[in-house]
Amino acid sequence: MLDASVSGVVPSPTLAINERVAGLRASGRDVLHLGLGQSPFPVPEHVVAALQANAHQKDYLPVRGLPDLRAAVADYHRRHEGSRASAEDVLVGPGTKELMFGMTLALDATLLLPNPSWVSYAPQAKLLKRAVRWVETDPAAGWRLTPNALEAALAEGGGHRILVLNSPNNPTGAAYTPAELEALAAVARRHGILVLSDEIYSGVHHTGAHASFARYYPEGSVVSNGLSKWCGAGGWRLGAFVFPRELRPLLDAMAVIASESFSAVAAPIQYAAVSAFRDDPALKPYLQRSRAVLAGVGGALREALVAAGLRVSHPEGGFYLFAELPESRHPSGLALCEALLEDAGVAALPGSAFGRPAAEPSMRLAYVDFDGAAAMRHAPAGVDAAFLAAHCGRVLEAGRRIAAFVRD
Ligand code: PMP
Ligand code: GLU
């Protein structure tokens with residue numbers, strides 16, 4: 001018998017909860033799905049039109065990506081972040097997740113992960129037999145990474161380190177301010193570490209004020225972004241990394257891995273993605289509406305949970321809240337989420353999936369269970385309580401059910 005090993009890694013909790021909810025719904029249960037972080041909004045029409053127009057593209061594309069797309073991604077980063085990137089600094093992949101896997105494989109380094117961090121960084125490291133060092137954050141400060149905590153972790157030494165910093169953040173919704181990024185950058189520079197700045201939620205910063213970490217530490221930052229979140233196209237599987245010139249050897253190594261693993265991203269998707277990264281006038285109202293709706297629904301859910309006695313992060317970008325119960329009769333965060341699903345019909349992921357202690361009664365809520373197309377159509381009239389009741393009722397209902405679950 002072959003001994004197939006994945007080092008004890010289990011199927012990714014985000015994708016597992018999604019399939020589980022689909023099964024429960026198929027069996028007739030009405031589950032409020034706050035488990036998977038998928039954009040509720042449709043892909044912008046001009047990007048869909050570009051995909052339709054390119055359905056005939058059938059050739060393998062260059063491993064590093066379609067030249068026009070690499071140029072469009074670089075131009076996007078120059079426009080939005082004042083980056084100096086050009087097309088040669090960009091690597092395109094089938095989702096940023098695959099590019100992260102390639103980067104972890106290419107480097108023999110320890111991953112420094114603020115706790116909590118997105119579900120897949122640590123399991124990827126485990127699959128590739130790379131070490132992880134969790135860095136504590138302060139729950140009272142919205143679970144943000146502080147320069148002192150980073151300094152303390154780096155002062156321990158221990159070979160090459162990669163800090164993975166994600167802003168706006170999954171699972172907390174925190175968007176780091178320029179001053180916070182600058183202070184963290186000073187520590188990173190002092191130690192000369194590599195930073196993977198995961199900016200996949202940049203376009204859905206709730207006030208549009210996203211700042212890239214690479215502004216403050218250009219020489220050591222690789223910036224990750226893609227179509228999955230602000231462009232509503234998670235299932236299209238397209239992401240890109242932007243490298244500083246200083247890290248060209250890393251790009252080259254990852255291109256070798258790409259050539260021997262996925263070859264190149266699907267051609268029609270790459271042609272369509274050019275229109276998403278371009279400065280198209282249709283994108284501005286699309287993003288403004290997305291942000292207004294997400295800020296409104298995230299804020300309303302937070303209020304309901306705070307009123308129920310939970311400690312809750314501030315939704316500043318993306319579509320997540322991280323929440324901790326003051327106490328729980330359940331032995332673990334996992335048991336808590338199981339009970340929430342069974343008893344209240346609300347799907348959430350336990351904090352332990354993000355690195356929190358197993359016993360901690362914490363969870364991540366993705367406030368995306370609503371009809372994003374309808375919400376987007378009505379958003380220009382204003383996102384107020386009446387709007388939320390009409391268009392985001394299922395998320396508000398989840399807040400009520402969680403409050404009742406905690407009370408009982
Ligand atoms: N980073 C974060 C923080 C995420 O939430 C996700 C989830 N999609 C990813 C990376 C991976 O995104 P993708 O592979 O779709 O680009
Ligand atoms: N990033 C999304 C989440 O955190 C789901 C997609 C994925 O995990 O690949 O829920």
Side-chain angles (χ1 to χ4, degrees), residues 9-22 33-40 43 65 73 90-104 111 113-125 127 143 145 162-176 195-205 210 213 222-242 258 261-262 265-266 269-270 273 276-277 294 316-322 337 347-351 353-355 363-369:
V9 176
V10 297
S12 187
T14 51
L15 303 167
I17 191 82
N18 198 39
E19 291 174 24
R20 184 154 168 217
V21 170
H33 190 4
L34 279 66
L36 177 78
Q38 167 159 270
S39 169
V43 178
V73 170
V90 176
L91 179 65
V92 175
T96 58
K97 197 172 181 174
E98 185 71 26
L99 291 174
M100 284 164 197
F101 197 72
M103 180 163 161
T104 309
L111 286 195
L113 301 178
N115 193 334
S117 274
W118 178 52
V119 289
S120 288
Y121 307 131
Q124 285 195 350
L127 283 171
W143 292 275
L145 176 66
I162 308 172
L163 169 67
V164 184
L165 189 70
N166 170 220
S167 176
N169 189 267
N170 177 4
T172 67
Y176 286 75
V195 177
L196 174 60
S197 184
D198 183 347
E199 304 183 17
I200 191 134
Y201 297 95
S202 64
V204 279
H205 184 295
H210 173 71
F213 189 75
V222 176
V223 180
S224 173
N225 212 325
L227 297 188
S228 295
K229 309 301 173 180
W230 54 263
C231 196
W236 287 21
R237 311 307 303 128
L238 187 124
F241 273 17
V242 182
S261 52
F262 59 83
V265 174
I269 297 292
Q270 292 206 53
F277 282 101
L294 292 171
E316 297 167 337
F319 13 86
Y320 308 100
L321 285 180
F322 199 72
C337 287
L349 287 181
F354 303 85
M363 59 188 166
R364 183 194 79 173
L365 299 164
Y367 44 88
V368 294
D369 190 353

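Since this is a predicted model, take the numbers as computed values, not measurements. Both ligands and their constituent atoms are indexed starting at 1 by order of listing.
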*Could you please provide the protein residues found below 4.0 Å of ligand 2 on a heavy-atom basis, arranged by chain and number?*
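Residue list for ligand 2: Thr14, Leu36, Gly37, Lys97, Trp118, Asn170, Lys229, Tyr320, Arg364.
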*Audit row: Leu127, Phe101, side-chain contact (heavy atoms from CB on, under 4.5 Å) steps and yes/no*: CA-CA 9 Å; Leu127 283 171; Phe101 197 72; 4.1 Å; yes
_Audit row: Leu163, Leu145, side-chain contact (heavy atoms from CB on, under 4.5 Å) steps and yes/no_ = CA-CA 11 Å; Leu163 169 67; Leu145 176 66; 4.1 Å; yes
_Partner set under ring pair (Phe, Tyr, Trp, His ring centres under 6.0 Å) for Tyr176, not counting sequence neighbours_ =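 Partners of Tyr176 by the ring pair (Phe, Tyr, Trp, His ring centres under 6.0 Å) criterion come out as none, since no residue qualifies.
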*Tell me the residues surrounding ligand 1, counting only those with a heavy atom closer than 4.0 angstrom, sorted by chain and number.*
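Those residues closer than 4.0 Å to ligand 1 by some heavy atom are Gly95, Thr96, Lys97, Met100, Trp118, Tyr121, Asn166, Asn170, Asp198, Ile200, Tyr201, Ser228, Lys229, Arg237.
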*Could you go through the side-chain contact (heavy atoms from CB on, under 4.5 Å) check for Asn166 and Tyr121 one step at a time?*
CA-CA 11 Å; Asn166 170 220; Tyr121 307 131; 3.6 Å; yes
*asked:* Return the CD to CZ distance between Gln38 and Phe319, rounded to the nearest 0.5 Å.
replied: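 Gln38 atom CD to Phe319 atom CZ measures 8.5 Å (nearest 0.5 Å).
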_Which residues pass the side chain to side chain contact (heavy atoms under 4.5 Å, CB included) test with Pro350, not counting sequence neighbours?_
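Here the qualifying residues are Leu334, Cys337, Ser352.
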*Take Arg364 and Asn170 through the test side-chain contact (heavy atoms from CB on, under 4.5 Å) and record every step on the way to the result.*
CA-CA 9 Å; Arg364 183 194 79 173; Asn170 177 4; 2.7 Å; yes
_Phe241 and its side chain to side chain contact (heavy atoms under 4.5 Å, CB included) partner, picked from Val73, Val222, Val92_ =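 For Phe241, the side chain to side chain contact (heavy atoms under 4.5 Å, CB included) check succeeds only for Val222.
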*Give me the one residue out of Asn115, Val119, Leu113, Thr172 that meets side chain to side chain contact (heavy atoms under 4.5 Å, CB included) with Phe354.*
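That would be Val119; it is the only one of Asn115, Val119, Leu113, Thr172 passing the side chain to side chain contact (heavy atoms under 4.5 Å, CB included) with Phe354.
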